[in-house]
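Written below as structure tokens is the structure these notes are about.
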Amino acid sequence: MSDAKSDSEIAQEAFRILRALGAHDADVFGGSLPARSPISGEFIGSVRGIGRKEAEDRIGSAHAAYKIWRQVPAPRRGELVRLLGEELRKHKAELGHLVTLETGKIASEGLGEVQEMIDICDFAVGLSRQLYGLTIATERREHRMMETWHPIGVCGVISAFNFPVAVWSWNAALALVCGDAVVWKPSEKTLLSALAVQAIVQKAIARFGAEAPEGLCALLIGGRELGEVLVDDPRVPVVSATGSTAMGRAVGPKLAQRFARAILELGGNNAAIVAQSADQDLALRAVAFAAMGTAGQRCTTLRRLFVHRDIYQGFVSRLARAYGAVAVGDPRRSDTLVGPLIDRHAFEAMEAALNEARGLGGTVHGGGRVAAFGADAYYARPALVEMRAQAGPMFRETFAPILYVMPYDTLEEGIELNNAVGVGLSSSVFTRDMREAEIFVSATGSDCGIANVNIGPSGAEIGGAFGGEKETGGGREAGSDAWKAYMRRATNTVNYGTTLPLAQGVAFDIAG
């Protein structure tokens, strides 16, 4: 490896993985963009970025590749994704470990993220033979009417640090079978994981052969300005962007201005309701994982909890004990359940939210920095905050392990509290009352894109369309009919007769 590499243990672990996967030394160590591990806070790489001109050239190459790829039959396109799934299976351990090193996720979550990639590849391979259009009844004799679906072009993907590889795959696997090229702008905080994925993609493309044109899957390594290039380029008709609601407010209007399609996966201030009839043991386990898993850095993390007043004291006391006992530490250790926050800014945001909650009369259990891991690593104890009313920081998403809890009296009140925030990604109710469960998932219940019963709001499977409503952006990725976002629809009417009847009985006879 290059002389620019660090000699630390974590850096060496990352270097071995990247070399084994085939990433180029010059990309990993020949640049000025720092790669950092939140486990220790140290810098473990110096990644080569690209400029605006090179980004535009890569988008141009992807556009040219799309024109070739769209002519490859869809089942054959599915074969490339099948090979990608094979390569991911082969390198699951290495890539999952790299995700742990670069994000601080515990080992099972790093591996689980790669499993999501494998799962979406399996889903997309089957989909490659199911890009169905409808045959439509027509009112005219000797006519046939149908809808057809065609590749749309270059799909832009902008991903966040917390799921550095899975989010790309949710989009790329579907886009590739739909006949699109893919251009990816990863988070500046997880550049090594992106380089590793790109190396794995190239392995699959090499096995697939010459039918996969050069530039089909491109990577834009750099800062925010490269995301702006992707959003502004008219050769990119669909952009999937994952990040904050503030990011979506910047990206959405730009795409709308040029009539591009947006798949926005933005904030998630998710809630759960624990009803009087709930299985409290089940609810306790689900709440603990949903609120503390990934150190509170999932868009589906549980952030607000409403517990029926009759069981509030007992349930919250048990939950506080679980918070006090959870193991916080090096995510590579098998006994660790909560790893580090991504950086100092995340810890400072957590501290500010907790101070605001205290100022509103909230009682904070836990919280605070665990200082045993070095000056540049930011580990925090998860915080359980009892609130008098839903106020202040409860209306905002803080990307940290903070769970606000308060009592409620009626299901209608609980649903109103659930729906009272601007975003609408995921939600849950814990109940053994069938009526309560059905109300929660009905039109008068949760207003979120995901509404669960007796499981937490996090841990979505790829078989269901992922995404939310309101300020979450309205986008959907994976599952269901999400593939339609990556294609364009055409309605075709074919006249196989010798006359020209007009629709709606219109008559327009001309002499001749």
Side-chain angles (χ1 to χ4, degrees), residues 2 4 23-36 43 45-69 102 152-161 164-165 167-168 171-172 175-176 180-199 201-202 205 213-244 246-266 345 473 486:
S2 155
H24 298 299
D25 288 10
D27 289 333
V28 179
F29 309 110
S32 58
L33 298 176
R36 175 185 172 277
F43 294 103
S46 50
V47 180
R48 187 184 78 84
I50 64 173
R52 178 178 293 268
K53 177 63 167 61
E54 191 171 350
E56 291 172 349
D57 290 344
R58 292 188 183 185
I59 293 170
S61 295
H63 182 66
Y66 147 72
K67 291 184 176 180
I68 298 170
W69 188 240
E102 201 168 28
I152 195 170
V154 176
C155 173
V157 180
I158 300 173
S159 60
F161 79 86
V165 296
V167 167
W168 171 83
N171 290 279
L176 287 170
D180 302 334
V182 181
V183 179
W184 179 21
K185 163 59 179 70
S187 168
E188 299 95 303
K189 298 179 182 180
T190 50
L191 298 176
L192 298 183
S193 296
L195 290 172
V197 169
Q198 185 70 4
V201 170
Q202 292 307 313
I205 288 175
E214 186 176 353
L216 182 62
C217 290
L219 185 61
L220 308 183
I221 294 288
R224 175 175 176 171
E225 69 281 358
L226 298 190
E228 293 173 349
V229 169
L230 197 57
V231 168
D232 292 339
D233 198 302
R235 296 168 296 183
V236 184
V238 56
V239 174
S240 173
T242 301
S244 67
M247 182 272 283
R249 286 199 173 97
V251 168
K254 287 189 171 186
L255 294 173
Q257 189 173 30
R258 64 179 182 86
F259 301 103
R261 194 174 297 177
I263 303 172
L264 297 178
E265 300 288 357
L266 309 176
H345 300 294
Y486 305 91

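Residue indices begin at 1 and follow the sequence shown. Since the structure is predicted, the reported quantities are computational estimates derived from the model, not experimental observations.
Residues Leu220 and Ile50 form a side-chain contact, since some pair of their non-hydrogen atoms from C-beta on lies under 4.5 Å apart. In this structure the side chain of Leu266 reaches within 4.5 angstrom of the side chain of Met247, judged on heavy atoms. At least one side-chain heavy atom of Val236 sits under 4.5 Å from a side-chain heavy atom of Arg258. Within the 4.5 Å cutoff, the side chain of Trp69 has heavy atoms near those of the Leu176 side chain. At least one side-chain heavy atom of Trp168 sits under 4.5 Å from a side-chain heavy atom of Val201. Ile158 has its side chain within reach of Val231: a pair of non-hydrogen atoms, C-beta onward, lies under 4.5 Å apart. Side-chain contact check for Ile152 versus Tyr66: every heavy-atom pair is 4.5 Å or farther apart. Looking only at side-chain heavy atoms (C-beta outward), Val28 and Leu195 come within less than 4.5 Å of each other.
For the pair Gly222 and Lys185, the tightest heavy-atom approach, listed with the atom from each and the gap, is O-CE, 3.2 Å. Nearest heavy atoms, Ala23 versus Ala199: N-CB, 3.9 Å. Taking both residues in full, the closest heavy atoms of Gly248 and Pro253 are given as O-CD, 3.9 Å, listed atom of the first, atom of the second, then distance. Looking at every heavy atom in both residues, Phe29 comes nearest to Ser46 through O-OG, 3.0 Å. Between Ala160 and Ser187, the closest heavy-atom pair is C-CB, 3.7 Å. Nearest heavy atom pair, residue Leu264 against residue Gly252, reads CD1-CA, 4.3 Å.
Atom OG of Ser240 is separated from atom CZ of Arg261 by 12.5 Å, given to the nearest 0.5 angstrom. Atom SG in Cys217 sits 4.5 Å away from atom CD1 in Ile205 (nearest 0.5 Å). To the nearest 0.5 Å, atoms CG (Asn171) and CD (Glu265) are separated by 8.0 Å. The line from OG of Ser61 to CD of Glu54 is 10.0 Å long, rounded to the nearest 0.5 Å. Rounding to the nearest 0.5 Å places CG of Leu219 at 10.0 Å from CD of Gln202.
Counting heavy atoms of neighbouring residues, nucleotides and ligands inside a 6.0 Å radius, atom CZ of Arg224 does not exceed 12 of them.
Remark: the backbone N or O of Leu191 is paired with a side-chain donor or acceptor of Glu102 at under 3.5 angstrom. Counting only distance, with no hydrogens or angles, the side chain of Glu188 and the backbone of Gly223 share no donor-acceptor pair below 3.5 Å. Put simply, the side chain of Asp180 never gets that close to the backbone of Val154: no donor and acceptor are under 3.5 Å apart. Counting only distance, with no hydrogens or angles, the side chain of Arg235 and the backbone of Glu56 share a donor-acceptor pair below 3.5 Å.
Remark: Ser159 pairs with Val167, Trp184, Pro186 by the side-chain contact (heavy atoms from CB on, under 4.5 Å) rule, at least two apart or across chains. Considering only residues two or more places apart in sequence or on other chains, Arg52 meets the salt bridge (Lys or Arg N to Asp or Glu O under 4.0 Å) condition with none of them. Qualifying side-chain contact (heavy atoms from CB on, under 4.5 Å) partners for Asp232, counting only residues two or more places apart in sequence or in other chains: Glu228, Lys254.
Between Val183 and the choices Ile59, Val239, Asp233, the side-chain contact (heavy atoms from CB on, under 4.5 Å) rule is met once, by Ile59.
Between Glu225 and Lys53 there is no salt bridge, since no side-chain N of the basic residue sits under 4.0 Å from a carboxylate O of the acidic one.
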